[in-house]
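Chain letters run A, B, ... following the sequence lines, proteins first and then strands; every chain starts at 1. Values below: all heavy atoms of this structure, side chains included; hydrogens, waters and symmetry mates excluded.
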2 protein chains.
Amino acid sequence: MSRLGASIRDVARETGLSTATISRVVNGGTRVSEETRKRVLDACARLDYLPNPAARALSTRRSKVVAAIIPTIEHSVFAKFIAAIERTLGLRGYSLVLAISNSDEAEELAAARKLLGMGADAFILSGQTHSGALLNMLAKRQVPYAHTSVWDPDSTCPTVGYDNAGLAKEAVKHLHSHGHRNVAIVHGPLVESDRTQARCDGARSLHGLFDTLDFFETPLSVAGGKACVGRTLADGGGYSAYLCFSDVLALGAYFACADAGKRIPQDVSVMGFDNLDWAAEVVPPLTTIDLPAFGMGEAVGAQIVECLETNAPLQSQLLPARIIQRGSVARLT
Amino acid sequence: MSRLGASIRDVARETGLSTATISRVVNGGTRVSEETRKRVLDACARLDYLPNPAARALSTRRSKVVAAIIPTIEHSVFAKFIAAIERTLGLRGYSLVLAISNSDEAEELAAARKLLGMGADAFILSGQTHSGALLNMLAKRQVPYAHTSVWDPDSTCPTVGYDNAGLAKEAVKHLHSHGHRNVAIVHGPLVESDRTQARCDGARSLHGLFDTLDFFETPLSVAGGKACVGRTLADGGGYSAYLCFSDVLALGAYFACADAGKRIPQDVSVMGFDNLDWAAEVVPPLTTIDLPAFGMGEAVGAQIVECLETNAPLQSQLLPARIIQRGSVARLT
DNA sequence: TGTTCAAATGTAACCGGTTACACAGCGCAC
DNA sequence: GTGCGCTGTGTAACCGGTTACATTTGAACA
């Protein structure tokens with residue numbers, strides 16, 4: 001850490017002023033004459049002075065670092081989310097420290113401990129279920145935190161995200177309105193994600209609309225989706241539509257269909273969830289639900305900074321998400 | 001930052017020892033009797049004591065934070081790389097702060113400034129070309145840094161990655177050995193990436209082997225690859241193979257072929273670069289070059305920590321990468 | 001001219017750790 | 001018994017900022 005950088009006393013010496021004055025101009029600069037301000041800024045530039053962050057953090061008791069713990073970064077929804085957080089925080093002079101929990105509560109707790117011990121001022125968590133120890137630790141130290149990718153107006157903790165159950169219902173209704181009565185739902189591991197669980201719950205609540213509504217759990221990857229859909233195709237499951245709770249799984253479904261010689265949407269329909277970048281490019285273009293990953297990152301980031309600067313309480317926030325109709329769902333007549 | 005947490009003096013008071021002793025047991029614990037160690041650890045647990053990181057950083061002049069600046073996180077090669085760094089650093093008690101430069105030198109410089117002003121002990125940069133101001137800033141403060149995704153034994157700065165030019169040559173040779181003489185190379189924006197530039201240079205050096213070896217620049221996305229390949233297909237370019245300098249572009253090529261009614265590999269061959277997770281799942285499976293994204297993250301992470309702890313100099317390191325033959329390249333006879 | 005007040009700047013305590021150095025106590029060799 | 005060395009612990013300076021409070025200066029005003 002700037003072992004060789006100039007310190008505030010160097011600047012003070014250089015300008016013949018006191019460290020207090022230097023500090024004042026470096027921050028906001030209240031109560032400093034225009035002339036000294038210039039002189040100080042000039043000296044700072046000449047000495048290439050950068051305030052020592054540790055010293056500043058020690059004094060002010062804030063590090064301007066916010067921590068995000070996410071289950072994985074390899075899913076592009078999370079990548080976009082992180083990119084948005086980084087950008088939003090950066091614009092406001094905050095930094096992002098990242099930890100990856102691999103969807104494991106113990107790892108998440110360990111990560112939080114490390115990040116707290118690193119000086120994070122606030123936390124951004126994924127999903128709604130976390131170990132009590134984690135929440136306790138944050139509460140005891142009064143570190144603000146938000147849950148993301150979920151929206152739950154009843155939660156005691158602020159949640160910023162979307163209504164997973166509601167969106168799943170809409171997706172299911174969409175298929176129903178297109179005449180589908182035999183639908184397979186393909187989703188990632190339930191234990192790893194309360195959001196997946198919420199989507200399944202939402203979908204299941206509408207099972208009365210269908211002749212069959214089956215649920216299949218598979219690893220959350222293209223390979224997982226392909227294997228799962230390939231299996232049901234081979235079994236002759238007879239589903240007219242596959243609703244995948246991630247575009248990644250949907251892409252796997254596409255390849256499974258290609259392997260099985262089934263055409264989309266003529267032979268089977270496929271619907272996704274996420275609206276990843278390539279969803280409009282696949283052949284046929286994928287009907288999916290547009291999740292505001294980037295907007296969600298911006299929203300939490302902005303709220304967290306606001307909270308840190310003004311002590312405004314974090315508030316739950318519902319982000320808009322909607323079905324994007326493209327060409328992968330057939331209308332059965 | 002733990003506004004309410006116990007301080008080292010609280011623990012000292014609780015145990016009736018001095019802060020020096022507490023500090024000694026909390027760190028490594030040299031020269032402390034087994035009995036006091038127990039007493040201290042016990043008190044720490046009871047008070048839920050976490051050392052204040054700012055105070056520690058101020059004293060030791062190290063923050064145990066390493067910064068990574070990457071062009072984008074939305075490309076899964078980078079996501080994997082970041083995941084590996086995070087994991088490797090985390091295992092050793094270090095944290096990762098992330099900044100995204102959007103492939104822009106000015107943004108990169110600003111990010112580095114911010115991260116330095118945040119107390120990063122070391123930097124991980126992408127690629128080899130960076131603004132002089134950035135490198136100066138790091139050098140002046142003696143902050144160690146490494147370039148990644150490249151390997152250049154002649155560079156004065158340590159590079160850990162792979163030989164982009166060499167790998168491109170191998171890819172081109174692979175196509176040549178399969179009888180392809182009319183090849184199109186599809187790559188992302190040159191200005192954004194010296195690695196892309198190196199790959200192009202490598203490929204171009206072998207142009208004598210071909211009847212035609214054309215280069216096409218397109219946005220680095222599925223849409224970009226699809227549009228680019230779609231265009232040449234419509235133009236009747238007559239290429240027997242497309243070498244895409246990213247699997248993402250190759251996926252676009254797949255969709256362009258689907259749209260144009262061309263079969264892979266019967267009508268055109270496609271080769272990728274990256275070996276992303278889904279490369280084995282697409283139909284037909286994609287022949288590509290396996291880049292050790294995860295291994296690269298582990299390697300830099302480990303080296304950086306080693307350097308920080310023992311002052312060992314960072315060393316350039318070549319990571320193995322090789323062609324994975326699958327089904328997307330036809331052998332022309 | 002003396003008083004009042006605001007603006008500009010300085011002084012020094014403080015944030016919470018680390019660590020060089022001092023020192024006490026003890027065992028051991030001579 | 002003296003001296004030496006080793007172990008375990010305490011003392012206090014220090015890291016580099018911030019900021020409450022003190023001080024100086026000068027203008028305004030009676």
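Residue K64(A) contributes atom NZ, which lies 14 Å from atom C1' of dT18(D) at whole-angstrom precision. In this structure, CG of L58(B) is placed 12 Å from P of dT19(C), rounded to the nearest angstrom.
With hydrogens and angles ignored, a donor-acceptor pair closer than 3.5 Å exists between the side chain of S59(B) and the base of dG17(C). At a cut-off of 3.5 angstrom, counting only N and O atoms as typed in the model, there is no donor on one side facing an acceptor on the other between the side-chain of R56(B) and the base of dG16(C).
Partners of R46(A) by salt bridge (charged side-chain N to carboxylate O under 4.0 Å, His left out), not counting sequence neighbours, listed by chain and number: E14(A), D42(A). With sequence neighbours left out, the salt bridge (charged side-chain N to carboxylate O under 4.0 Å, His left out) criterion links E298(B) to no other residue.
Using a 4.5 Å cut-off on side-chain heavy atoms (C-beta onward), M296(B) and W151(B) make no contact. With a 4.5 Å cut-off on side-chain heavy atoms, S103(B) and T72(B) do not count as touching. For the pair L125(A) and I69(A), the minimum side-chain heavy-atom distance is below 4.5 Å.
In the helix from dT1(C)-dA30(D) to dC30(C)-dG1(D), the terminal helix axes, each the rotation mapping four pairs' C1' atoms onto the next four within five end pairs, subtend 60°, rounded to 10°.
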Look for any protein N or O under 3.5 Å of an N or O in nucleotides 22-27 of chain C and output each such pair with its distance, or none.
none

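Pairs passing the salt bridge (Lys or Arg N to Asp or Glu O under 4.0 Å) check and including a residue from residues 73-91 of chain A, sequence neighbours excluded, read E74(A)-K80(B), K80(A)-D277(A), K80(A)-E74(B), E86(A)-K114(B).
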query: How does protein reach along nucleotides 6-12 of chain C, written 5' to 3' as B (base within reach of a heavy atom under 4.0 Å), S (only sugar-phosphate), or - (no contact)?
result: -BBBBBB

task: Under the side chain to side chain contact (heavy atoms under 4.5 Å, CB included) rule, what do V26(B) and R56(B) come out as? Steps first, then yes or no, please.
output: CA-CA 12 Å; V26(B) 170; R56(B) 173 177 281 175; 3.7 Å; yes

message: Between L50(A) and R113(B), is the side chain to side chain contact (heavy atoms under 4.5 Å, CB included) condition met? List the steps.
response: CA-CA 9 Å; L50(A) 270 188; R113(B) 205 168 186 77; 4.3 Å; yes

